Amino acid sequence: MSVHWLIKRLFLPFSVALLGAILLFLGFSRTSPSPFRRPANGPFSSGGDSLQHVFNQTLGFQKIFVINLLSRTDHRDSMSLAAALTDLRIDYVDGVTEVDKKYLPPGGKEVNLDSGGLGNWRAHMNIARMLIEQNVTSALILEDDADWDIRIKRQMRDFAKASRLLVQPLSGTSDRFLDPTHPQPKEDQRPQDFDIRKDVTGEPSTSPYGDIDRWDLFWLGHCGRRFPRASDRNVPLGRAVIYDDETVPEPQHVMTQFGDSELVQNYPAHTRVVSRAWMNTCTMGYGISLPGARRLLYELSVNKMTGPTDMMFRSVCHGSEGRPVQTCLTVQPQLFQHHRPVGYKSSFSDISDHGADYNKQAFTRNVRWSTRVNFRKLVDGLTDYIDLFKDGEEADSNLGFK
């Protein structure tokens, strides 16, 4: 028996086993990604295509926080499911039910908010304070009944293209902007549209949406708004336009709620427009930067209380009620909206009264492939999603149009 033969006899089985283990490991490490999943990008860097950061599990923000009352287990169940099924990672922050009126900021006694309004205000202030204490550079804040389109990551990528056009200076400059009305319009100036497919500005280095020090708040979920006008004086008029967006319902389906109809009257079907925030209502979803959180906490919790939470958000975006103007962008139609499930309307909100009627059909205004309406499809792995607002169909009065 030769030594060479003995070595082959002893080590050949071991080599085959080792090779098999390596191949098995490689096979498991190369599984196909979910259709909603993109590789996590880690800390933001401006190298390569920085827009890809929007496809991570926090939509390009450092964190996603959801405000949830402990008693609303129904909202928490649905929110956790919605986040998981669209590959989002969320952290919950407890809602507030009791606020001692002795410790309200100046003006709190005169405003005289009810317990629901006070709890709402305090919950949003707690999150702003948390960002400051934990040095969170940016966050997306959602209320626990918020809904979004299954294609939210693609929508947020387009929003990032749009927001850059309005907050980033032109390439090679630090103080020249695409919008000629920046920082304030003259009386004879008119709004100018910018196309995300053609127009460009400088590349941001600290956030895919625009550098952190150049924006305060992105009002992504609301109950209506209007475009700013030159007569409003305080904010630029530029509009970043997202054309041919199949996630936008046709005009007959777009519900403006507390806003106006300029979008559906002046722009083609399937168009979404980003501009400075003006006359926004409701705070079901917004992005906020760390500098924005510092300004918001000071203005709304230390300086003075002047009204309900959304009206105070509006005042910092407008620069009204004695507050300095902050850089707030918004989008219409909105990207996050209240979901209305099947059930008694009295359960819709813990802040406002929606009556005692029974809602027979689940819906989310202006969201075509609603994540929550499509729960059954998503949990079963189906892709023939329910489209709440099909092209060519008449508006359905059961879907929030009354």
Side-chain angles (χ1 to χ4, degrees), residues 65-72 74-76 92-133 139 141-146 216-217 219-225 257-259 277-288 292-326 328 330 334 336-340 344-356:
F65 292 112
V66 176
I67 300 172
N68 170 248
L69 285 171
L70 293 176
S71 61
R72 293 309 302 256
D74 56 336
H75 283 182
R76 183 151 182 167
Y92 285 102
V93 175
D94 289 344
V96 177
T97 56
E98 295 184 7
V99 176
D100 194 327
K101 293 186 177 182
K102 290 189 298 184
Y103 306 116
L104 294 178
K109 182 178 180 181
E110 291 75 14
V111 170
N112 194 31
L113 295 179
D114 61 20
S115 59
L118 284 175
N120 178 264
W121 162 78
R122 189 61 251 171
H124 285 280
M125 293 303 96
N126 287 349
I127 288 185
R129 187 180 66 196
M130 183 186 304
L131 264 66
I132 296 166
E133 293 172 345
I141 316 303
L142 299 174
E143 295 182 350
D144 61 5
D145 60 347
D216 294 295
L217 189 138
W219 210 323
L220 303 170
H222 54 79
C223 302
R225 45 92 65 209
Q257 290 181 271
F258 301 111
W278 201 264
M279 300 297 288
N280 286 53
T281 305
C282 303
T283 53
M284 82 276 291
Y286 58 93
I288 190 167
R294 292 168 179 158
R295 296 182 181 108
L296 197 71
L297 187 65
Y298 168 72
E299 285 294 339
L300 275 59
S301 188
V302 176
N303 184 21
K304 57 185 174 181
M305 177 179 281
T306 56
T309 308
D310 57 347
M311 295 298 101
M312 289 195 287
F313 272 50
R314 181 190 287 187
S315 69
V316 299
C317 292
H318 289 189
S320 61
E321 297 179 341
R323 307 184 196 271
V325 64
Q326 298 187 23
C328 307
T330 191
Q334 62 274 80
F336 297 91
Q337 177 61 290
H338 292 300
H339 177 66
R340 300 312 187 196
Y344 287 102
K345 294 182 179 181
S346 58
S347 69
F348 283 177
S349 174
D350 297 281
I351 301 173
S352 55
D353 182 13
H354 289 265

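Just so we're clear, the structure is a prediction, and the values are computed from it rather than from any experiment. One is the number of the first residue; the rest follow in order along the sequence.
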I need the [X] [atom1] to [Y] [atom2] distance, nearest 0.5 Å.
| X | Y | atom1 | atom2 | result |
| --- | --- | --- | --- | --- |
| Leu131 | Asn126 | CG | CG | 12.0 Å |
| Leu297 | Ile127 | CG | CD1 | 12.0 Å |
| Asp94 | Leu69 | CG | CG | 8.5 Å |
| Tyr286 | Asn280 | OH | CG | 13.0 Å |
| Gln326 | Ser315 | CD | OG | 8.5 Å |

Of all heavy-atom pairs between [X] and [Y], which one has the smallest distance, and what is that distance?
| X | Y | value |
| --- | --- | --- |
| Arg122 | Ser301 | NH1-OG, 3.4 Å |
| Cys223 | Met284 | SG-CE, 3.7 Å |
| His318 | Trp278 | CD2-CE3, 3.4 Å |
| Ile67 | Ile141 | CD1-CG2, 4.3 Å |
| Asp310 | Trp219 | O-CH2, 3.6 Å |

Practice task
Name all residues meeting the salt bridge (charged side-chain N to carboxylate O under 4.0 Å, His left out) criterion together with Asp216; count only those two or more places apart in sequence or in a different chain, and write none if there are none.
Solution key: Arg295

Exercise for the section: Count the heavy atoms belonging to other residues, nucleotides or ligands that lie under 6.0 Å from CZ of Phe258, then report whether that count exceeds 12. Expected result: no

Under 3.5 Å, which donor-acceptor pairs link side chains of residues 96-109 to any protein atom two or more places apart or in another chain?
{"unit_1": "Asp100", "atom_1": "OD1", "unit_2": "Lys102", "atom_2": "N", "d": "3.0"}

Any heavy-atom pair between the side chains of [Y] and [X] that's under 4.5 Å?
| X | Y | answer |
| --- | --- | --- |
| His124 | Met312 | no |
| Met125 | Leu300 | yes |
| Met130 | Val93 | yes |
| Phe313 | His222 | no |
| His338 | Glu143 | yes |

Problem - Any donor-acceptor N or O pair under 3.5 Å, side chains Ser320, Arg314 - result: no

Practice task
State, without any angle test, whether Asp145 and His75 hold a side-chain donor-acceptor pair at a distance under 3.5 Å.
Solution key: no

Can I get a per-line list of side-chain donor-acceptor pairs under 3.5 Å for residues 302-309, giving both atom names and the distance, sequence neighbours left out?
{"unit_1": "Asn303", "atom_1": "ND2", "unit_2": "Glu299", "atom_2": "OE1", "d": "3.1"}
{"unit_1": "Lys304", "atom_1": "NZ", "unit_2": "Glu321", "atom_2": "O", "d": "2.4"}
{"unit_1": "Thr306", "atom_1": "OG1", "unit_2": "Glu321", "atom_2": "OE1", "d": "2.7"}
{"unit_1": "Thr306", "atom_1": "OG1", "unit_2": "Arg323", "atom_2": "NH2", "d": "3.0"}
{"unit_1": "Thr309", "atom_1": "OG1", "unit_2": "Asn120", "atom_2": "OD1", "d": "2.9"}
{"unit_1": "Thr309", "atom_1": "OG1", "unit_2": "Trp121", "atom_2": "N", "d": "3.2"}

